Amino acid sequence: MKKQFKILVITAILFVVGNQTTQAQAKVAHVDVSELMAKMPAMIEAQKQLEKLSGTYDTEYKTMVEEYQGKLKKYEQEATTVTDAVNETRSKEVQDMQKRIVDYRDNAQKELQQKEADIVKPIMEKVKASIQKVGKAKGFQYVLNSEGLLLTDGPNLTADVKKDLGF
């Protein structure tokens with residue numbers, strides 16, 4: 001009787017441990033966030049806006065550089081024919097122009113990065129919400145970004161998320 005009870009207890013323990021192991025296996029899927037972002041109409045439009053803004057900054061920067069180069073050339077040609085005081089004033093003016101150009105370039109880069117962050121953040125939040133929605137609807141506990149994964153053998157939810165996002 002003791003032996004049977006012992007076997008029954010061991011069987012029950014194995015059943016419980018085995019059942020927990022089965023339940024511990026999570027349902028995992030993956031999605032290609034880069035592909036979603038690259039093909040998402042809102043992101044394509046955002047890229048166009050950023051390219052336009054970048055073009056505006058580039059044009060202004062080139063104009064400033066051309067003006068600087070023109071003045072520098074003129075001042076170098078006239079350096080021997082004007083007084084030291086004029087040359088000193090011109091030298092300061094050229095240095096000030098250099099500083100303005102560098103400051104403009106740095107500010108333009110910062111503004112462009114901030115604009116990109118402002119535009120991309122709501123798009124990324126929308127993608128994330130859609131991934132969560134689709135993942136939960138399909139019964140997945142984890143949805144991984146397939147970018148960087150060495151093996152993506154499980155279900156791919158990219159097409160489902162695209163459909164949910166409307167493209």
Side-chain angles (χ1 to χ4, degrees), residues 1-69 97-167:
M1 179 88 155
K2 251 184 170 183
K3 198 173 191 180
Q4 288 177 338
F5 181 71
K6 201 176 192 180
I7 292 173
L8 183 62
V9 169
I10 291 173
T11 305
I13 290 173
L14 288 176
F15 177 76
V16 169
V17 169
N19 192 25
Q20 287 178 348
T21 303
T22 303
Q23 288 178 357
Q25 292 177 348
K27 288 186 70 178
V28 180
H30 63 91
V31 65
D32 190 341
V33 176
S34 294
E35 179 185 343
L36 288 171
M37 294 295 286
K39 294 181 179 177
M40 193 170 178
M43 191 63 190
I44 293 170
E45 183 59 34
Q47 290 294 351
K48 288 178 185 176
Q49 287 178 20
L50 292 170
E51 286 172 13
K52 184 178 178 182
L53 183 60
S54 178
T56 302
Y57 287 140
D58 286 346
T59 301
E60 182 65 26
Y61 178 76
K62 287 177 184 175
T63 301
M64 292 172 79
V65 169
E66 288 171 2
E67 181 183 343
Y68 166 78
Q69 289 172 340
M97 285 182 79
Q98 279 180 320
K99 184 178 179 342
R100 282 196 310 270
I101 290 169
V102 169
D103 289 346
Y104 179 82
R105 184 195 63 212
D106 293 346
N107 288 333
Q109 286 175 343
K110 287 177 187 174
E111 287 176 18
L112 196 58
Q113 288 172 345
Q114 184 60 49
K115 181 72 170 175
E116 181 179 17
D118 293 344
I119 290 174
V120 171
K121 185 179 178 184
I123 295 170
M124 191 64 198
E125 287 173 356
K126 186 176 181 180
V127 168
K128 183 179 176 184
S130 180
I131 291 169
Q132 289 173 340
K133 177 182 171 186
V134 170
K136 285 181 182 179
K138 296 212 173 250
F140 292 100
Q141 294 161 315
Y142 299 96
V143 178
L144 306 173
N145 184 358
S146 61
E147 186 176 299
L149 293 177
L150 298 176
L151 175 65
T152 55
D153 198 26
N156 186 348
L157 300 180
T158 305
D160 296 316
V161 174
K162 281 183 183 178
K163 185 176 177 182
D164 183 64
L165 290 169
F167 71 97

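Only a predicted model underlies this, so the values are computations on that prediction, with no experimental measurement involved. Heavy atoms only: backbone and side chains are in, while hydrogens, waters and symmetry mates are out.
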Considering only NZ, NE, NH1 and NH2 on the basic side and carboxylate oxygens on the acidic side, decide whether D103 and K99 come within less than 4.0 Å.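 Judged by the 4.0 Å cut-off on N to carboxylate O distance, D103 and K99 do form a salt bridge.
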Answer yes when K39 and E35 have at least one side-chain N-carboxylate O distance shorter than 4.0 Å, and no when they do not. yes
Enter the distance from [X]:[atom1] to [Y]:[atom2] here, rounded to the nearest 0.5 Å.
| X | Y | atom1 | atom2 | value |
| --- | --- | --- | --- | --- |
| E116 | L53 | CD | CG | 11.0 Å |
| M37 | M43 | CE | CE | 4.5 Å |
| E51 | K48 | CD | NZ | 9.0 Å |
| R105 | Y61 | CZ | OH | 5.0 Å |
| I101 | Q69 | CD1 | CD | 8.0 Å |

Closest heavy-atom contact between T158 and D32? OG1-N, 2.8 Å
Would you name the heavy atoms of T56 and Y104 that are closest together and state the gap between them? O-OH, 4.3 Å
Looking at F167, I'd like to know if the NZ or CZ of K162 sits under 6.0 Å from its six-membered ring centre while staying within 45 degrees of the ring's axis.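 Relative to the ring axis of F167, which defines the angle, K162 lies outside at least one limit.
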Under 3.5 Å, which donor-acceptor pairs link side chains of residues 118-131 to any protein atom two or more places apart or in another chain?
unit_1 : atom_1 : unit_2 : atom_2 : d
D118   : OD1    : Q114   : NE2    : 2.8
S130   : OG     : D164   : OD2    : 2.5

Within-4.5 Å side-chain heavy-atom neighbours: N145 and H30: no
Show, in sequence, the C-alpha distance, side-chain angles and deciding distance for F140 and V134, and conclude whether the side-chain contact (heavy atoms from CB on, under 4.5 Å) test is met. CA-CA 9 Å; F140 292 100; V134 170; over 6 Å; no
S54 side chain to L50 main-chain N or O, any donor-acceptor pair under 3.5 Å? no
Assess whether side-chain hydrogen bond (donor to acceptor under 3.5 Å, both in side chains) is satisfied between Y57 and E111, documenting all intermediate values. CA-CA 10 Å; Y57 287 140; E111 287 176 18; 2.4 Å; yes
